[in-house]
Amino acid sequence: MKPRVRFAPSPTGYLHIGGARTALFNWLFARHTGGTFVLRIEDTDAARNSQAAVDVILNGLRWLGLNWDEGPLTADATGASQGERGPYFQSQRKENYQRRAEALLSRGLAYEHDGAIKFKMTREPITIPDLVVGNVVRPLTDREEQDPDWVLVRSDGQPVFHFVNVVDDLEMGITHVIRGEDHLSNTAKHIALFRAFGVEPPKYAHIPLILNRDGSKMSKRDQGASLTTYLEEGFLPEAVNNYLCLLGWSPKDNTEKLSLADVIDRFDLPQILRHNAKFDFEKLVWLQGEYCRDLPPERFYELAVHAFAKAGVDTNQFATGYVKAALDTCRGKIKTFAELPAYAGFYFHEEITYDPEAAPKSFVVENKPRVEKLLAAFGNLATFDAASIEAALKTTAAELGVKVGVLIHPTRLAVTGHPHGPSLYHLLEVLGKARAIQRLERALGPEGFGK
RNA sequence: GACCCUAUGGUCUAGCGGUUAGGACACCUCCCUUUCACGGAGGUAGCCCGGGUUCGAUUCCCGGUAGGGUCGCCA
């Protein structure tokens, strides 16, 4: 029998990075084994749910490329879905839960108490066979000793998480439950319920949690906790996927950069680590840079234009050829698209603000006549391309008896406002002779050397 | 409080009784270079503690400690 796995998020308005990894591991297992990946929306908490909150989940999974074989097609709980085991929204499965509760009631495995329905929990320790952790024996805690039974259906008629989760997994034919380790202890309840229904529980694989750098639990407000952040900040899904794979799973051969296809090939449950991992944003950024550098030009332009738009710069007001030429000088230089507007904004606006730390070093009196001489040399150039610019600059430097850097630094600052940036020769070519000269002249005035 | 899981440099990890404890990120130095980045060459830094088992423990066992999780009419 082919495995059937599921990702069952609750629509809270954001998708936790740990949840995204749980989805990823389920998806990888399904793809590795040729099984089925089911998406089920646990929208039992009516007060918190909205289609917008479901969209966050759907969009996040789509962005990562984690396609589901069964589940909703839209964020509308009553809308279309794919698969034979629906509905895939818990809010649409009320009758199933009611029927299951009545079955337990009629067989004396559950009972009413204060208007709620409680499950007769076994008093014996339960062994949880876990594919990652091994056999875990879970006895009752001291509080559970007082009253081991637990609520299946609240007095207001709402079934609780543990109940609906088991009913759905049972009815959807889930064979492997891959989820966060925070559910490990609760699995005893789930196993007892499956047995009460007369079926063998699925196989369990509890994966370690993702923690903050300080070891604390990653919650909604923590930096990097929301998948949407990466989507909005111009990260690449392939980089995020790659990084997530490396948290709690290892290819064991020192490979760091793996495509999803590679991981599908090599992924399996026993290789999953047992200890929690701390989220290392720096390493994610490194991987992002690796993927960013290898991006096909068209995709790079697309993401770059989006990043500028987000920063309030409409690159569509410039000629396409100019924009592409400008962006080409940035390729391989930046790691995240979020840094692009600051890095290359000088291409798209004329107001250059000189870096306050670099200006006093570059705009010194002895450099002024040098830059004036360079300006004259530029003015004499018939063709203003990178090679000519480089030649002119080097010739000028030689005539002045200074290193090229002496001219390069003030020129870069005058033209871009920054001490760092794309190749000077190439960016000058893209900017064009008129604008280059204009910016150099301004720097020679009171706002630059004049100060 | 009870129960469960975990423990290799700052971080992610390889290791499954004998290794100069390997790789990656980050950090430092140098080289390349018009800056930055890339690339290249080096470097700092690690087996939580204590008992066993063993000829020999990072590795196996027990205890401790630390971190995380669970014990809801939250999910």
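Since the structure is predicted, the reported quantities are computational estimates derived from the model, not experimental observations. Residue numbers start from 1 in every chain, and the chains themselves are labelled A, B, ... in the order their sequence lines are given, proteins ahead of strands.
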query: How far does the P atom of B/rG50 sit from the matching atom of B/rA57, given to the nearest Å?
result: 13 Å
- prompt: Just by distance, with hydrogens left out, do A/H206 and A/D130 show a side-chain donor and acceptor under 3.5 Å apart?
  reply: yes
field: Among B/rC38, B/rC71, B/rA75, the nucleotide that comes nearest once only the side chain of A/S10 is considered
entry: B/rA75
field: Gap between atoms CG and P, on A/L431 and B/rU34 respectively (whole Å)
entry: 21 Å
message: What's the gap between B/rC27 and B/rA66 when it is taken at their C1' atoms, as a whole Å value?
response: 26 Å
task: Under a 3.5 Å limit for both distances, which nucleotide forms a Watson-Crick or G-U wobble pair with B/rG39, could you say?
output: B/rC31
query: Do side-chain atoms of A/S388 reach the backbone of A/F384 as a donor and acceptor pair under 3.5 angstrom?
result: no
message: Between the base of B/rU35 and the side chain of A/K333, is one N or O donor paired with an acceptor at under 3.5 angstrom?
response: yes
- request: Using a heavy-atom cut-off of under 4.0 Å over every strand shown, decide if A/D182 touches base, sugar-phosphate, or nothing.
  value: sugar-phosphate
message: So A/K217, base contact, sugar-phosphate only, or nothing? Heavy-atom distance under 4.0 Å.
response: sugar-phosphate
A/D168 CG - B/rA75 C1' separation (whole Å): 13 Å
message: Could you tell me how far apart A/H206 (NE2) and B/rG68 (P) are, to the nearest whole angstrom?
response: 19 Å
query: Do the rings of A/H190 and A/H162 sit parallel, tilted or perpendicular, given the 30° and 60° boundaries?
result: tilted
message: What's the separation between atom CG in A/N186 and atom CZ in A/R138, rounded to the nearest 0.5 Å?
response: 7.5 Å
field: Protein-nucleotide distance (A/W150, atom CH2; B/rU70, atom P), rounded to Å
entry: 16 Å
task: May I ask you to say what A/L424 touches in the nucleic acid, namely base, sugar-phosphate or nothing, with a heavy-atom cut-off under 4.0 Å?
output: base
task: Name the nucleic acid region contacted by A/H16, choosing base, sugar-phosphate or nothing; use a 4.0 angstrom heavy-atom cut-off, strictly under.
output: nothing
message: Applying a 4.0 Å non-hydrogen cut-off, can you work out what A/P9 is touching in the nucleic acid: base, sugar-phosphate, or nothing?
response: nothing
query: Rounded to whole angstrom units, what separation is found between the CG atom of A/D156 and the C1' atom of B/rG72?
result: 14 Å
message: What is the distance, to the nearest angstrom, from the NE2 atom on A/H190 to the C1' atom on B/rA75?
response: 10 Å
task: Report yes if the distance between the aromatic ring centroids of A/F119 and A/W150 is under 6.0 Å, otherwise no.
output: yes
- prompt: Taking the C1' atom of each, how far is B/rC62 from B/rC28, in whole Å?
  reply: 43 Å
- line: Answer for the Watson-Crick or wobble partner of B/rU53, both distances under 3.5 Å, is none
statement: From the list A/Y230, A/Y243, A/F337, ring-ring contact (aromatic ring centres under 6.0 Å, His included) partner of A/F235 resolves to A/Y230
- prompt: What interatomic distance, in whole Å, is found between C1' of B/rG23 and the corresponding atom of B/rG68?
  reply: 27 Å
query: So which nucleotide does B/rU65 pair with, by the Watson-Crick or G-U wobble rule with both distances under 3.5 Å?
result: B/rA7
field: Contact under 4.0 Å: A/K335 side-chain N or O vs B/rC36 OP1/OP2
entry: no
- prompt: Looking only at side-chain N and O atoms, does A/T44 come under 4.0 Å of OP1 or OP2 in B/rA75?
  reply: yes
task: Sort out the partner of B/rC71 for me: Watson-Crick or G-U wobble, both distances under 3.5 Å, none otherwise.
output: B/rG1
query: What string of B, S and - do you get for nucleotides 1-14 of chain B 5' to 3' if you count protein non-hydrogen atoms under 4.0 Å?
result: BBSSSSS--SBBSS
field: A/C245 side chain near A/L24 side chain, heavy-atom distance below 4.5 Å
entry: yes
message: Checking base pairs now: Watson-Crick or wobble, both atom distances under 3.5 Å. What partners B/rA21?
response: none
message: Distance check, P atoms only: B/rC60 and B/rG72, in whole angstrom units.
response: 35 Å
- prompt: What is the minimum heavy-atom distance between A/L431 and A/F346, and which atoms define it?
  reply: CD1-O, 4.2 Å
field: Sub-4.5 Å side-chain heavy-atom contact between A/R100 and A/E171
entry: yes
query: What nucleotide, of B/rC36, B/rG68, B/rU35, holds the atom closest to the side chain of A/L211?
result: B/rG68
task: Please state the P separation for the pair B/rU20 and B/rU58 - nearest whole angstrom.
output: 14 Å
field: Position toward the 5' end of RNA chain B (nearest nucleotide), A/W286 or A/D114
entry: A/W286
query: How would you label the contact of A/H183 with the nucleic acid (heavy atoms, under 4.0 Å): base, sugar-phosphate, or nothing?
result: base
query: If you measure from the C1' atom in B/rG22 to the same atom in B/rA45, how many Å do you get, rounded?
result: 15 Å
query: Looking for any heavy atom pair under 4.0 Å, which part of the strands does A/G405 touch: base, sugar-phosphate only, or nothing?
result: nothing
- prompt: Side chain of A/V151: nearest nucleotide among B/rU34, B/rC73, B/rC71?
  reply: B/rC73
Separation between the C1' atoms of B/rG40 and B/rG46, rounded to whole Å: 27 Å
query: Among B/rC73, B/rU35, B/rC71, which is the nearest nucleotide to the side chain of A/H420?
result: B/rU35
Any A/R154 side-chain N or O less than 4.0 Å from OP1/OP2 of B/rC74: yes
field: Base paired to B/rU59 (Watson-Crick or G-U; both N/O distances under 3.5 angstrom)
entry: none
message: Please compare A/T255 and A/I334 by the position of their nearest nucleotide in RNA chain B and report the one closer to 5'.
response: A/T255
- prompt: Within a strict 4.5 Å, meaning less than it, do heavy atoms of the A/L393 and A/Y425 side chains meet?
  reply: yes
field: Distance in angstrom units between A/F281 CZ and B/rA24 P, rounded
entry: 22 Å
field: A/H420 side, atom NE2; A/L413 side, atom CG - distance, nearest 0.5 Å
entry: 11.0 Å
- prompt: Starting at CG of A/L284 and ending at C1' of B/rA24, how long is that distance when rounded to a whole Å?
  reply: 14 Å
